[in-house]
Structure formats: structure tokens, C-alpha cells
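A short write-up of the structure that comes next.
Basis for what follows: all heavy atoms, side chains included, without hydrogens, waters or symmetry-related copies. Predicted model, so just to flag it, every value in this text is computed and none were measured. Letters A, B, ... mirror the listed sequences (proteins, then strands); counts begin at 1.
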Amino acid sequence: MRVSRFYMPLLRETPAEAQIVSHRYMLRAGLVRQASAGIYSWLPLGFRVLSKIEQIVRVEQDRAGAIELLMPTLQSAELWRESGRYDDYGKEMLRIKDRHERDLLYGPTNEELITDIVRSTVRSYKELPRILYHIQWKFRDEIRPRFGVMRGREFLMKDSYSFDLDAAGARRSYNKMFVAYLRTFARMGLKSVPMRADTGPIGGDLSHEFIILAETGESQVYCHKDLVDMPVPEAVDFDGDLEPIIRQRTSLYAATDEKHDGDTFAQIPAEKQLAARGIEVGHIFYFGTKYSKPMNAKVAGPKGEDLLLEMGSYGIGVSRLVGAIIEASHDEQGIIWPEAVAPFRVGLISLKVDDEATRKVCEDLYGKLENAGVETLYDDTEERAGAKFSTFDLIGLPWQLIVGPRGLAQGLVEIKNRKTGERQTLPPEAALNFLTRKS
RNA sequence: CGGGGCGUAGCGCAGUCUGGUAGCGCAUCUGCUUUGGGAGCAGAGGGUCGCGUGUUCAAAUCACGCCGCCCCGACCA
């Protein structure tokens with residue numbers, strides 16, 4: 001993409017309303033624009049990141065055996081009356097009336113809807129277990145939206161729902177999502193730590209929040225240091241026994257502020273104690289028959305008996321992750337995108353557009369990078385060099401490929417690694433090899 | 001929802017107390033110069049001062065009402 005044809009409205013100054021770093025950079029780098037309180041338009045750069053995160057989530061869900069579908073944003077109040085949540089949910093739920101005065105709501109979550117779908121289409125135990133998911137916009141009318149997309153009212157969420165015949169099966173489904181989440185966040189360049197979470201009325205130990213560590217995180221968290229750098233399980237057989245992985249991850253202490261127990265924490269060797277700030281990016285839990293019972297969702301078992309469905313649900317805050325990643329990865333100059341979610345991989349910076357040699361080399365490199373499938377943002381504008389450097393540091397593409405007459409006089413261009421700041425000077429062809437090799 | 005604050009050009013702000021021709025910086029446009037870390041000079045464009053009602057000869061400024069947004073708290077993917 002050429003900057004001269006792209007749409008990337010940057011802000012040189014920080015809007016007054018943005019308090020935290022991710023919000024500031026998201027506005028300044030032109031990722032989003034606030035439409036109203038807690039509701040954002042996604043501009044091209046931000047939309048590309050959002051799409052990449054979404055795709056990583058999708059691939060890892062599929063890999064774990066979950067099946068994608070898509071449910072609507074607007075739901076009828078009827079189902080929610082059935083589960084009893086229409087009255088319970090309170091003002092967080094946005095309620096709407098259509099022209100016939102029928103009660104609708106903008107879905108804050110989808111347990112009722114998915115339960116309705118499954119109960120009316122699944123008849124036999126032979127069709128289970130299943131994990132179904134969708135990635136859809138939700139709305140929760142937060143009392144006070146803040147922190148940009150980190151706590152908006154409208155947000156993009158991946159939510160999965162598992163349907164099993166018994167509690168043991170539900171646990172297997174839970175474990176699949178647990179492992180899928182570890183892999184998902186790791187692929188985005190994040191270190192996530194599962195922490196025991198409130199299980200509500202069901203009890204048991206089957207609820208975890210996935211927290212990523214960031215200095216500016218919203219909540220205080222405590223955990224054993226070994227959890228942070230624990231390697232992510234590769235080549236997982238999701239149909240095999242996942243318990244060992246779960247045990248390894250849950251046997252060490254990890255808790256958010258609300259669940260923190262100072263005494264237990266104190267028993268960890270001092271050098272292994274980690275008190276840090278964190279951001280919740282995922283939440284998984286098992287809730288048994290909480291919805292299947294009131295909504296009468298059951299299938300015929302092997303002996304013809306009725307079996308109530310055992311369910312769990314599993315959320316990932318997709319839009320929140322955009323902010324969370326920036327919180328976890330930035331510096332004074334701007335965003336530092338992990339490669340997997342960067343809007344472009346390479347920023348090709350022409351330092352002198354009206355220099356013929358520079359133009360020729362840039363055009364050549366740009367064409368070859370594009371042909372090699374390397375997503376490249378090519379700054380072919382007449383801006384001054386300093387302005388371009390600042391811009392590219394701000395938008396945080398992983399690699400900058402810098403081409404100017406001074407270097408070309410020796411037949412050289414420069415590659416800068418945004419994260420480490422390391423630069424190397426080398427001939428254009430070598431730079432091309434370097435940047436295409438690592439994709 | 002309780003408490004606090006803000007709304008003036010695309011962004012950041014001054015002007016409001018004490019009513020009297022709407023300003024500054026950045027950005028934008030034009031020209032010249034400049035050109036490897038947010039250039040300089042000269043010029044130009046851009047505003048129903050959030051909306052409404054009232055007070056007044058006169059309202060960005062005073063009064064009342066409404067709307068929007070932000071911050072702190074309680075709540076949350």
C-alpha cells in the first residue's frame with residue numbers, strides 16, 4: 001500500500017480525553033475514532049489489526065475443534081425471559097423496541113440464543129459433544145466506559161459455547177479452550193497467565209481469567225513467576241488428554257486482586273513472587289445446566305433417556321486485545337506491533353521522492369515485497385525525512401526499510417527493527433532477501 | 001448512579017471572573033528556499049463560541065433548561 005493512496009489520518013497532538021497510553025496511540029496513529037462514548041469507528045490501520053487478531057483467534061478455535069457460526073447482534077427478549085436473565089441483567093443490557101412494540105435487545109452475550117439453536121436442532125447424544133463459537137459485536141451499556149477500546153460499550157468478542165452429555169465431558173471441552181487460549185495469546189506476542197476466577201453459583205474450579213501482564217494494566221495480579229515464561233504447548237492433540245497441561249498451569253499460584261490470598265502467596269519463595277499489573281483478555285467457565293435446565297435443552301441418551309446438556313462458555317475480547325497489545329508493547333515513540341498482528345510488516349520509507357535513483361530503488365523494492373506477499377506500507381509522499389521517521393515509529397510496523405540518496409551512493413539501504421532499534425545497512429537485494437525470508 | 005470538570009477552527013488551548021469587532025500554537029492551502037529524526041520565510045483559507053430560552057442597546061462571557069464528553073468512585077470481556 002502506498003501512503004499517497006492510503007487513508008491514515010494521524011494526530012500530532014494527543015486528544016485531551018485519552019488517558020492511557022493505548023488510547024492515546026490508537027487515536028494518534030489513526031487506528032480508531034470515537035463515535036460516541038465507548039463506541040468506536042475502526043479506521044483502516046486499526047481495522048487491519050483487528051482483523052488479524054480475529055483471524056488468529058479463529059484459527060486457534062478451529063484447531064481446538066470448535067465450529068464457527070454467526071449469531072445476530074439483535075435478539076428477541078423472549079429467550080431471555082425464558083432463562084430469567086431479562087429481568088436479572090439490569091441496565092447494562094441495551095433494550096430496544098421495534099415498530100410493533102416488541103422487546104428486543106442488543107446482545108451482551110449469547111448463551112440463550114445458542115442454547116435455543118442447539119436444543120431445537122440436536123436430538124441425539126450421537127451429535128455431541130460440540131463446541132460452537134462466533135465472533136460478533138456485543139453491547140454492554142457500561143456505567144462508565146473508559147480506556148478507549150479497552151472498556152468500550154460496543155466491543156468485538158469471540159464467544160464459544162460447549163455442549164456435553166456429562167460433567168466429565170464438559171471438563172474435556174473446558175480443557176480444550178484452556179489450551180487454545182494459551183496458544184492464541186502467545187501467537188499474538190503476549191504472555192498470558194490463567195488465573196483462578198469466580199465460579200459463581202456453580203462452584204468448582206472450572207473458571208479462569210486469562211491475564212496478560214502490562215505495566216499499565218487495569219488490575220493488580222499476583223502469581224508465581226514460573227507461570228509467566230512457561231512455554232506454550234506446541235503440536236497439541238486436542239482429542240488427547242489435556243489434563244497434564246492444565247495441571248501444570250494451574251498448580252502454581254495465580255490470582256487477581258479480588259481472589260488474592262496473601263498467606264498462600266507468601267509461601268512462594270520470595271524470588272518467585274510476582275506482583276504485577278494485568279489486563280483480562282479472556283475468560284472461560286463451566287456452568288453446567290444453568291441455561292439448559294430453564295430452557296429445557298436436552299438430547300436422547302443411549303438408553304433413550306433425556307440428558308440435560310452440560311455447558312460452558314469461553315470469551316475472548318477481540319477489540320480489547322488491540323488496546324491490550326499496545327499496553328504491553330510500546331515505547332516513548334509509539335506502538336511496537338508484534339509481527340503477527342501488525343497492520344503491515346514493513347514500512348518502506350523513501351527519504352527523497354524526487355530523487356530518481358531513490359524512486360527507482362523504492363519502486364523496485366516495493367513491487368518485489370508485494371509479490372513476495374510481504375505486506376508493505378510504502379511512504380511515497382513528499383514529507384520530510386524526520387516526519388516520516390516519526391510517523392513510522394508511531395504506527396509501529398515491525399520493520400522499516402529506509403532508502404535515500406546518501407545510502408544509495410554506496411549502493412546501500414537500511415533496515416531498522418522497530419522493537420530493538422537495531423539497524424543494518426546492506427544492498428537492496430540483501431535487504432529484500434532478509435525481509436522476505438522471515439515472513 | 002453519586003461526586004468533580006470540560007464543551008471556542010481538524011488537534012491542543014487562551015479569552016468567560018469584570019458583557020463591547022473571536023485569538024494563539026500545530027495542522028491545511030499557495031509561493032520561494034530547504035531536504036537522513038516532526039524545516040524557514042511570506043501569504044491565504046477555515047468558527048451557527050455544544051443546543052435552546054431569557055436578561056441587555058449589546059452575550060463566547062450573565063441566568064435557566066437541555067445535550068454531549070472526560071475524570072474519581074462502585075461494576076465489568
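Across all strands shown, B:C66 forms a Watson-Crick or G-U wobble pair with B:G50, both key distances being under 3.5 Å. Taking a pair to require two hydrogen-bonding distances under 3.5 Å in either a Watson-Crick or a G-U wobble arrangement, B:A74 remains unpaired. Nucleotide B:G37 forms a pair with no other nucleotide shown, judged by Watson-Crick or G-U wobble geometry with both contacts under 3.5 Å. Under the Watson-Crick or G-U wobble criterion, with both distances below 3.5 Å, B:C26 is paired with B:G10. Summarising the base pairing, B:G19 is matched to no nucleotide, lacking a Watson-Crick or G-U wobble pair whose two defining distances lie under 3.5 Å. With both pairing distances under 3.5 Å, B:U55 is matched to nothing as a Watson-Crick or G-U wobble pair.
Put simply, the residue from A:D379, A:D380, A:D393 that forms a salt bridge (Lys or Arg N to Asp or Glu O under 4.0 Å) with A:K388 is A:D379. In summary, of the residues considered (A:R320, A:R277, A:R146), a salt bridge (Lys or Arg N to Asp or Glu O under 4.0 Å) with A:E218 occurs for A:R320 alone.
Residue A:G315 is out of contact with every strand shown, counting any heavy-atom pair closer than 4.0 Å. Backbone-only engagement by A:E17 is indicated by non-hydrogen atom pairs under 4.0 Å involving sugar-phosphate atoms exclusively. Using a 4.0 Å heavy-atom distance criterion, A:S36 is classed as a sugar-phosphate-only contact. Here A:T14 lies in heavy-atom contact (under 4.0 Å) with sugar-phosphate atoms only. Among the atoms of the strands shown, only primed sugar atoms or phosphate atoms (P, OP1, OP2) are found under 4.0 Å from some heavy atom of A:A385. Nucleic acid contact for A:G407: base, since at least one base atom lies under 4.0 Å from a heavy atom of the residue. Within 4.0 Å of A:A16, counting heavy atoms only, lie sugar-phosphate atoms of the nucleic acid but no base atom. Here A:Q19 lies in heavy-atom contact (under 4.0 Å) with sugar-phosphate atoms only. Here A:R423 lies in heavy-atom contact (under 4.0 Å) with a base. The residue A:G38 sits apart from the nucleic acid: no heavy atom pair falls under 4.0 Å. No contact: A:K158 has no heavy atom under 4.0 Å from any strand. Residue contacts shown for A:D393 include a base, since a base heavy atom lies under 4.0 Å away.
B:U8 and B:G15 have their C1' atoms separated by 9 Å, with the value rounded to a whole Å. Here, B:G52 and B:C71 have their C1' atoms 27 Å apart, quoted to the whole Å. Taking atom P in both B:A9 and B:G23, the straight-line distance is 13 Å, to the nearest Å. One C1' atom belongs to B:U18, the other to B:A60, and the distance between them is 15 Å to the nearest Å. Using atom P as the reference point in both B:U21 and B:C49, the two lie 15 Å apart (nearest Å). A gap of 11 Å separates the C1' atoms of B:C26 and B:G38, to the nearest Å. Atom name P, nucleotides B:G3 and B:A39: the rounded distance is 48 Å, in whole Å. Rounded to whole Å, the separation between the C1' atoms of B:A27 and B:C17 comes to 32 Å.
Distance, A:R146 CZ to B:A77 P: 14 Å, rounded to whole Å. At whole-Å resolution of the value, CD in A:E111 and P in B:A77 are 12 Å apart. One can place CD of A:E154 at 21 Å from P of B:C76, the figure rounded to the nearest angstrom. The distance from atom CD of A:E383 to atom C1' of B:U28 is 12 Å, rounded to the nearest whole Å. Rounded to an integer number of Å, the gap from CD of A:E142 to C1' of B:A74 is 12 Å. A:N110 places its CG atom 13 Å from the C1' atom of B:A77, with the value rounded to the nearest Å. Rounded to an integer number of Å, the gap from CG of A:D355 to P of B:G36 is 12 Å. Between the CZ atom of A:R28 and the P atom of B:G38 there is a distance of 14 Å, given to the nearest Å.
A:E258 and A:T256 share a side-chain donor-acceptor pair at under 3.5 Å. Between the side chains of A:S160 and A:Q61, at least one donor N or O lies within less than 3.5 Å of an accepting N or O.
One distance of note links CD1 of A:I96 with CE of A:M93; it measures 10.5 Å at 0.5 Å rounding. Atoms CG and CG, from A:D116 and A:L79 in turn, are 4.5 Å apart once rounded to the nearest 0.5 Å. Expressed to the nearest 0.5 Å, how far CZ of A:F210 lies from CZ of A:F178 amounts to 4.5 Å.
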Considering only nitrogen or oxygen atoms on both sides, find all protein atoms under 3.5 Å from nucleotides 31-34 of chain B and state each distance.
{"residue": "B:U34", "atom": "O2", "partner": "A:R384", "partner atom": "NH1", "Å": "2.7"}

Would you list the protein and nucleotides 23-25 of chain B atom pairs, both N or O, that sit under 3.5 Å from each other?
{"residue": "B:G25", "atom": "N2", "partner": "A:E13", "partner atom": "OE1", "Å": "2.7"}
{"residue": "B:G25", "atom": "N2", "partner": "A:E13", "partner atom": "OE2", "Å": "3.3"}

Short heteroatom pairs, N/O only, protein and nucleotides 5-8 of chain B, under 3.5 Å:
none

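One finds a salt bridge joining A:E60 and A:R187 here, because a Lys/Arg side-chain nitrogen approaches an Asp/Glu carboxylate oxygen to under 4.0 Å. Using a 4.0 Å cut-off between charged side-chain N and carboxylate O, A:E209 and A:K259 make no salt bridge. A:R58 has no carboxylate O lying under 4.0 Å from a charged side-chain N of A:D62, or vice versa, which leaves the two without a salt bridge. Salt-bridge annotation for A:D141 and A:K91: absent, with no side-chain N of the basic residue lying under 4.0 Å from a carboxylate O of the acidic one. For A:R2 and A:E363, the salt-bridge test passes: some basic side-chain N is under 4.0 Å from an acidic carboxylate O.
Judged by distance alone, with hydrogens and angles left aside, A:R151 brings a side-chain donor or acceptor within reach of the base of B:C76, the pair sitting under 3.5 Å.
Dashed line: the shortest gap from a side-chain N or O of A:Q34 to OP1 or OP2 of B:C70 is under 4.0 Å. Contact annotation: A:R12 side-chain N/O to B:A27 OP1/OP2 distance is under 4.0 Å. Note on A:R140: every side-chain N or O is 4.0 Å or more away from OP1 and OP2 of B:A77.
In this pair, A:Y161 and A:H134 present their aromatic rings tilted. The plane angle is within the 30 to 60° band.
Between A:R144 and A:E280, the residue whose closest nucleotide on RNA chain B is further toward the 5' end is A:R144. Map A:Q333 and A:H283 each onto its nearest nucleotide of RNA chain B; the residue landing nearer the 5' end is A:Q333.
Cation-pi contact between A:R48 and A:F344: present, with separation from the ring centre below 6.0 Å and deviation from the ring axis of at most 45°. Taking the centre and axis of the six-membered ring of A:Y86, the NZ or CZ atom of A:R95 falls inside the cone set by 45° and 6.0 Å.
Taking every side-chain heavy atom of A:P405 into account, B:G36 is the closest of B:G36, B:A74, B:A77.
B:G38 has no base stacking with the ring of A:F389 when judged by centroids under 5.5 angstrom apart and an interplanar angle below 30°.
With contacts defined as side-chain heavy-atom distances shorter than 4.5 Å, the pair A:M26/A:W42 qualifies.
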